[in-house]
Amino acid sequence: MTLEELRALREQKKKEMDRRDVSGKSIQIIVGGGTCGIAAGARKTHEAFLNELEENNLTDVVVKQTGCLGLCHAEPTVEVLMPGMPTVIYGNVNDEVARKIVHKHIMAHELVNDHIYDRPAVDIIAKGEK
């Protein structure tokens with residue numbers, strides 16, 4: 001590798017590490033990464049979120065991976081935690097749905113209703129709890 005290629009690689013890896021840093025970020029996207037999620041395409045979903053956030057220059061969002069979220073029939077699953085919005089778990093999240101979640105949920109503060117598989121009970125939301 002040339003020196004320029006090494007510098008480019010370093011910058012790329014630094015960006016990837018910065019995306020995982022939770023400090024100063026108020027929004028979390030948690031991708032279910034159990035074996036069922038991975039088999040259903042969770043890695044592509046994870047990458048789609050990272051790409052869409054970068055394209056829209058959204059720096060206050062962290063994308064993390066966790067184990068199974070318990071909704072194996074709806075994999076890939078994604079939990080979104082965001083101030084001012086109820087915590088929800090979206091299911092069947094492919095590349096297109098990931099982009100929709102970024103634009104609608106994260107940017108426009110609207111739920112993507114056709115992909116919600118779990119969210120807090122209405123009485124908990126009414127009390128302001130999450």
Side-chain angles (χ1 to χ4, degrees):
M1 287 185 119
T2 68
L3 184 57
E4 284 306 310
E5 290 172 329
L6 284 172
R7 286 182 178 149
L9 180 61
R10 179 182 64 196
E11 286 304 310
Q12 175 191 356
K13 294 301 177 187
K14 184 179 180 318
K15 273 186 178 180
E16 288 175 14
M17 293 302 292
D18 289 345
R19 284 188 234 163
R20 294 180 183 151
D21 184 13
V22 296
S23 58
K25 296 179 181 171
S26 60
I27 302 167
Q28 293 183 50
I29 297 172
I30 304 167
V31 180
T35 54
C36 51
I38 292 169
R43 288 186 175 138
K44 282 185 168 183
T45 298
H46 189 271
E47 194 63 34
F49 275 111
L50 293 175
N51 292 337
E52 198 62 30
L53 293 169
E54 188 172 332
E55 285 178 22
N56 289 282
N57 199 29
L58 298 172
T59 58
D60 64 336
V61 183
V62 64
V63 181
K64 299 193 275 185
Q65 184 175 335
T66 190
C68 181
L69 293 174
L71 297 166
C72 301
H73 66 283
E75 293 292 353
T77 53
V78 174
E79 184 174 12
V80 179
L81 296 95
M82 180 175 164
M85 296 285 289
T87 298
V88 296
I89 296 177
Y90 291 109
N92 298 315
V93 182
N94 58 20
D95 297 6
E96 180 184 333
V97 176
R99 286 189 292 276
K100 187 188 265 188
I101 291 169
V102 169
H103 287 273
K104 200 168 179 186
H105 190 123
I106 304 296
M107 296 172 73
H109 297 89
E110 299 173 16
L111 296 175
V112 181
N113 290 316
D114 54 338
H115 284 276
I116 293 176
Y117 277 78
D118 195 13
R119 66 177 170 186
V122 175
D123 60 336
I124 292 174
I125 294 172
K127 292 178 185 176
E129 300 174 19
K130 292 186 183 168

Go through the structure and list residues passing side-chain contact (heavy atoms from CB on, under 4.5 Å) with [X], not counting sequence neighbours.
X	value
Thr35	none
Leu81	Gln28, Ile30, Glu79, Thr87
Thr59	Asn57
Arg7	Leu3, Glu4, Arg10

When you compare the side chain of [Y] with that of [X], does any pair of heavy atoms fall below 4.5 Å?
X	Y	answer
Leu53	Ile29	yes
Glu54	Leu50	no
Val80	Met85	no
Phe49	Val93	yes
Cys36	Thr77	no

Pairwise distance [atom1]([X]) to [atom2]([Y]) - rounded to 0.5 angstrom:
X	Y	atom1	atom2	result
Ile27	Ile106	CD1	CD1	5.0 Å
Lys14	Glu11	NZ	CD	6.5 Å
Thr45	Ile38	OG1	CD1	11.5 Å

ILVMFWY clustering at 4.5 Å (side-chain atoms), partners of Ile89: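 Under the 4.5 Å side-chain rule, Ile89 groups with Leu69, Leu71, Tyr117.
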Enumerate, atom names and distances included, each donor-acceptor pair closer than 3.5 Å involving a side-chain atom of residues 94-105, sequence neighbours excluded.
{"from": "Asn94", "atom 1": "OD1", "to": "Glu96", "atom 2": "N", "distance (Å)": "3.1"}
{"from": "Asn94", "atom 1": "OD1", "to": "Val97", "atom 2": "N", "distance (Å)": "2.9"}
{"from": "His103", "atom 1": "NE2", "to": "Glu52", "atom 2": "OE2", "distance (Å)": "2.6"}
{"from": "His105", "atom 1": "ND1", "to": "Tyr90", "atom 2": "OH", "distance (Å)": "2.6"}

Shortest non-hydrogen contact from Ala40 to Glu75?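 Ala40 and Glu75 have their closest heavy atoms at CB-CB, 3.6 Å.
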Exercise: identify the closest heavy-atom pair between Asn92 and His73: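 Closest approach of Asn92 to His73, heavy atoms only: OD1-O, 4.3 Å.
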